[in-house]
Amino acid sequence: MFRFFPQKEKYQRSTTFNFNPQGPIPQHVAIIMDGNGRWAQNRRLPRVAGHKEGMNNVKKITKQASRLGIKVLTLYAFSTENWKRPTDEVNFLMQLPVDFFDTFVPELIAENVKVSVMGGIEFLPDHTQKAVYDAMEQTKDNTGMVLNFALNYGSRAEVLAAVKSVATKVQAGDVTVAEIDDDLFSNELMTGFLAPELRDPELLIRTSGEERISNFLLWQIAYSELHFSPAFWPDFDEDHLLAALGDFQQRNRRFGGLNKEETK
Ligand code: IPE
Ligand code: IPE
Ligand code: MG
């Protein structure tokens, strides 16, 4: 049966124009790319057509993010829970990185973008693993934006692995319990390969109107600004990204403290 999934509004024009090119740009932006299936179903297309369109959109948003001066773009591409989907859909999703990097690596090199991947990569099919490792190798000397894919990623698994790693170090006598602090722990997480000041996204965007985290970066988003866009991921265009950044620029980030004028 055909079912139409309404998008609340395409984007808020007023928010778009709040973006100030001279204003602060978050160094690390993370995106939960959601709504591919609904985008396709609204067009009476199979869900996987939405994933293909979503992949093309990754290319556009990557280039725009890099040109805006964002330093790290983390994209949630496949969660540890997404294995629950029908086999055909999972197989299609596992083929996407192959197609993506086959066609996009030359442009990533031209843009000076460096690819990284975090998640349970060893559980992915061989062709998917090869595609991501080849892309990382081919872009390893690039010094611009880091394009970081979360692939077979789940934050609870990530936190548990970090806890186990720290516990093993304590057991071996390499770390004392008193030494376990934010810095030590964040180093053990999958974002630990990034410079400490880049590990936590300043801005987390979720598309498709859903307002939940779905097991993404639970530790790292402790103080992130959250932006929920009504657009399905394939429709999330450059204006939507500027709207999200404009929204970020209007936020008052206090980190539990007070603004200067409030202390008077
Ligand atoms: C996001 O789109 C892509 C992945 C989770 C792999 P969805 O496939 O979740 O699309 P909806 O949410 O069903 O519309
Ligand atoms: C989150 O989207 C995962 C990715 C975007 C890869 P889902 O569509 O899987 O999340 P839920 O099921 O709506 O929470
Ligand atoms: Mg979804």
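Whatever order the structure lists them in is the order used to number ligands and atoms, beginning at 1. Residues: numbered from 1 along the sequence shown.
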Seminar exercise, completed: Sorted by chain and number, sequence neighbours left out, salt bridge (charged side-chain N to carboxylate O under 4.0 Å, His left out) with Lys140 holds for Glu137

Exercise. Looking at the rings of Phe185 and Trp219, which for Trp means the six-membered one, are their centres under 6.0 Å apart?
Worked result: yes

Exercise. When the aromatic ring centroids of Phe149 and Phe100 are compared, is their separation below 6.0 Å?
Worked result: yes

Problem set entry | Centroid-centroid distance, Trp39 to Phe5, less than 6.0 Å | no

Exercise. So what's near the Mg ion (ligand 3), protein N, O or S atoms under 2.8 Å?
Worked result: Asp34 OD1

Problem set entry | Pair Glu111 + Arg67: basic N to acidic O under 4.0 Å | yes

Atom pairs, nitrogen or oxygen, ligand 1 to protein, under 3.5 angstrom:
residue  : atom   : partner : partner atom : Å
ligand 1 : 2 (O)  : Gly35   : N            : 3.3
ligand 1 : 2 (O)  : Asn36   : N            : 3.2
ligand 1 : 8 (O)  : Arg47   : NH2          : 2.9
ligand 1 : 8 (O)  : Arg85   : NH1          : 2.7
ligand 1 : 9 (O)  : Asp34   : OD1          : 2.9
ligand 1 : 9 (O)  : Arg85   : NH2          : 2.9
ligand 1 : 10 (O) : Gly35   : N            : 3.4
ligand 1 : 10 (O) : Asn36   : N            : 3.1
ligand 1 : 10 (O) : Gly37   : N            : 2.9
ligand 1 : 12 (O) : Asp34   : OD1          : 2.8
ligand 1 : 12 (O) : Arg38   : NH2          : 2.8
ligand 1 : 13 (O) : Arg47   : NH1          : 3.0
ligand 1 : 13 (O) : Arg47   : NH2          : 3.1
ligand 1 : 14 (O) : Gly37   : N            : 3.4
ligand 1 : 14 (O) : Arg38   : N            : 2.8
ligand 1 : 14 (O) : Arg38   : NE           : 2.7

Problem set entry | With Arg199 via salt bridge (charged side-chain N to carboxylate O under 4.0 Å, His left out) - residues at least two apart | none

Exercise. When you check the gap from the basic side-chain N to the acidic O, do Arg253 and Glu225 get nearer than 4.0 Å?
Worked result: yes

Problem set entry | Where ligand 2 meets Arg212 - atom numbers and elements under 4.0 angstrom, heavy-atom basis | 11 (P), 13 (O), 14 (O)

Exercise. Can you check whether Phe78 and Tyr153 have ring centres sitting under 6.0 Å from each other?
Worked result: no

Problem set entry | Location of contacts on Lys84 toward ligand 2, heavy atoms closer than 4.0 Å | neither

Exercise. On the ring face of Phe2, is Arg44 found with NZ or CZ under 6.0 Å from the centre and within 45° of the axis?
Worked result: yes

For this session: Would you mind reporting whether Ile70 and Gln27 have side-chain heavy atoms less than 4.5 Å apart?
Result: no

